Amino acid sequence: MDQKEPLVEVKNLKKHYKDSSRSLFKRNQSVVKAVDNVSFTIEEGETFGLVGESGSGKSTIGRSILRLTDITDGEILYKGKSVHQLSKQELREHRKSFQFVFQDPFSSLNPRIRIGDAIGEALLDHGLATKKEIREKVLEVLNLCGLAPYHIDRFPHEFSGGQRQRIGIARAIIMDPEFIVADEPVSGLDVSIQAQIINLFSDLQEKKQLTYLFISHDLSVVEHIATRVGVLYLGTLMELGSRDEIYENPLHPYTKSLLSAIPIPDPTVKRERIVLQGDVPNPANPPTGCKFHTRCPFAREKCKTIVPEFKEVEANHFVACHLV
Amino acid sequence: MEETTVQTEHMAKYRKSNLWKQVFRRLVKNKMAMTGLGFLIFIFVFCMIGPFFSPYANGGVDAININQPPSAEHWLGTDALGRDVLTRLMEAGRISLTVGLGAMVMSVFIGTLLGVLAGFYQGIVDQIIMRTADVLMTIPGLPLLFIMAAVMSEWKVPAENRLYIVMVMLSIVGWSGLARLVRSQILSLREREYMHATESLGLRDRRKLFVHLLPNIVPLLIVVGTLSVGGAILSESVLSYFGLGVVPPTASWGNMINAANSLIDFQNRPWLWIPPGVAIFLTVISINLLGDGLRDAIDPKMKSR
Ligand SMILES: Nc1ncnc2c1ncn2[C@@H]1O[C@H](COP(=O)(O)OP(=O)(O)OP(=O)(O)O)[C@@H](O)[C@H]1O
Ligand code: SF4
Ligand SMILES: [Mg+2]
């Protein structure tokens with residue numbers, strides 16, 4: 001491995017939400033550990049796929065990395081600089097180089113703002129271009145993102161979900177960022193459109209040398225774009241490895257179960273089918289020991305009490321499970 | 001190329017106005033709101049332009065013709081000083097409408113400013129503003145107005161400037177409700193993903209406020225603003241009726257009704273107090289009809305509430 005510094009380094013990230021539902025008489029404070037001691041790195045030029053069920057803390061991690069939310073503990077380094085210790089001015093500078101693509105293509109655009117203005121306003125606000133230059137740049141990114149020039153003066157409600165997601169991507173791309181967090185960018189879209197949007201992400205990555213953190217609740221979505229994949233369960237990483245390792249040699253029972261739910265088009269490939277019992281436990285009251293033990297078909301006695309270590313089982317392949 | 005950009009720009013203008021055009025079309029279809037609007041236009045023209053056509057303008061006192069019932073010369077009779085009631089009604093309307101509109105503009109301005117600050121900056125700013133609003137809202141409006149009016153009447157403000165004092169008082173009492181509405185609207189808008197997007201793009205607060213948040217609360221301001229004019233006119237009337245608002249010789253609808261205070265006037269000279277009463281009633285009803293119509297036209301979903 002080369003010794004290049006990673007672009008993003010997440011170190012022991014913790015994010016707790018205090019849910020203080022105080023009534024007049026009782027005060028029950030429950031703490032949701034949305035992200036519980038997560039560490040990983042994102043190398044320049046790669047696509048890191050972050051996968052987990054709803055509520056597992058994927059968005060929280062993505063938002064923490066871009067400092068769209070405060071963190072409880074840990075550290076996030078972007079090119080070696082601690083993101084959560086930047087001054088307001090430094091942060092505004094950094095905002096140019098990392099961008100966020102949102103999940104909901106409908107609420108991520110202001111209904112009262114024309115898309116040309118929505119895409120161009122960050123350039124204007126950061127004083128990076130004149131109005132005339134902005135119009136040209138907007139037309140350029142519209143084209144890059146598969147939209148037509150005449151779309152520039154339209155309002156969001158005149159677009160389909162897929163087109164709106166392209167607009168969201170254009171808005172991020174126009175800043176010429178290095179790093180993009182895409183938070184479930186296709187989960188609100190029809191299956192037929194999903195592939196187009198994922199292809200757009202791939203194309204842009206090639207043209208602009210982008211690095212992605214690509215979030216999804218579906219392993220099959222990430223398969224085609226990720227170079228490495230992290231599997232999250234109730235705020236904790238269960239498995240982390242290269243794309244090939246995760247899809248061909250999954251080691252954690254949770255990863256296996258997620259994979260076995262994906263239909264395989266090739267009938268010669270056999271995969272053991274693991275059906276999970278029960279629901280995701282309440283994140284305010286997670287299971288002790290291995291968080292997965294309530295649903296794991298292989299759970300042992302010690303899984304209930306001892307937290308498994310997140311260890312490097314093979315080169316660059318990490319797993320948190322007592323069986324591995 | 002030139003031509004196409006001109007064309008797209010034209011299309012854009014058309015679309016932008018389209019949103020408001022839809023509102024307008026829905027409003028026009030609403031018969032009650034249109035009736036209200038019609039009355040308001042009538043009352044406005046009546047009060048603002050009417051006095052120019054009156055031979056009795058500027059409060060001409062006529063000692064010979066006091067307390068005359070309606071006649072061909074004085075359509076609504078004369079008052080205790082022999083002034084023409086119709087003319088006075090129009091002049092009073094100018095004052096009452098001005099106070100209503102002025103108080104509305106001021107309280108919308110204060111309410112919006114404080115509501116936006118509270119919702120946007122939260123924390124201690126929010127606490128101070130909202131606790132103040134809470135206090136104002138727990139004290140019933142009229143007694144508070146009476147107390148303020150009593151204090152301010154000590155200041156010996158000339159009669160013709162009293163209406164400005166009344167405007168200020170009404171807006172001090174009136175901003176808190178709007179501030180709450182604006183604040184809660186801002187709080188809910190903040191959670192939209194497009195507001196998170198402004199954060200992730202590193203936009204300045206100024207742009208977030210003026211480009212993204214304020215335009216989204218304009219419909220709310222229009223509706224609440226319209227409705228609050230009615231309330232302000234009513235409060236002004238009550239204050240003036242009790243001699244705490246606009247005071248004679250400046251006429252307002254409220255202090256004209258004061259005539260009903262005396263038993264003789266009340267029983268024998270109804271032309272003194274019925275016209276201003278009807279004027280207040282019609283104006284306030286019309287404003288409410290228009291306000292409700294505007295609310296329905298701007299956001300049809302709000303109708304059920
Ligand atoms: N602002 C908040 N206040 C309190 N709890 C929150 C907040 N945001 C998230 N949470 C909790 O943190 C946990 C993780 O949320 P997060 O949105 O990161 O999950 P996710 O993996 O992105 O889920 P989804 O697939 O539904 O988007 C959830 O249990 C959620 O209820
Ligand atoms: S540690 Fe135990 S419960 Fe957790 S995944 Fe491994 S076997 Fe299952
Ligand atoms: Mg999410």
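These numbers come from the heavy atoms of this one structure, side chains and all, not from hydrogens, waters or symmetry mates. Here is how names work: the chains are called A, B, and so on, in the same order as the sequence lines, proteins then strands, and each is numbered from 1. What you see is a predicted model, and the numbers here were worked out from it, not measured in a lab.
Interface residue A/Phe98: only backbone heavy atoms are found under 4.5 Å from chain B. For chain B, no part of A/His94 is nearby; none of its heavy atoms comes within less than 4.5 Å. For A/Leu66, no part sits under 4.5 Å from any heavy atom of chain B, backbone or side chain.
Interface remark: of the candidates A/Ala122, A/Ala172, A/Ser108, A/Ser108 forms the most heavy-atom pairs closer than 4.5 Å to chain B. Comparing A/Val101, A/Val181, A/Leu109 by how many heavy-atom pairs each has under 4.5 Å with chain B, the most go to A/Leu109.
Taking CE of B/Met106 as the reference point, atom CG of B/Leu101 lies at 11.5 Å (rounded to 0.5 Å).
For the pair A/Arg171 and A/Glu121, the salt-bridge criterion is not met [side-chain N within less than 4.0 Å of a carboxylate O]. Taking the charged nitrogens against the carboxylate oxygens, A/Arg63 and A/Asp70 have no contact shorter than 4.0 Å, which rules out a salt bridge. Salt-bridge formation is detected for the pair A/Lys208/A/Asp176: a Lys NZ or Arg NE/NH1/NH2 atom is positioned less than 4.0 Å from an Asp or Glu carboxylate oxygen.
Two rings, from A/Phe214 and A/Phe48, have their centers 6.0 Å or more apart.
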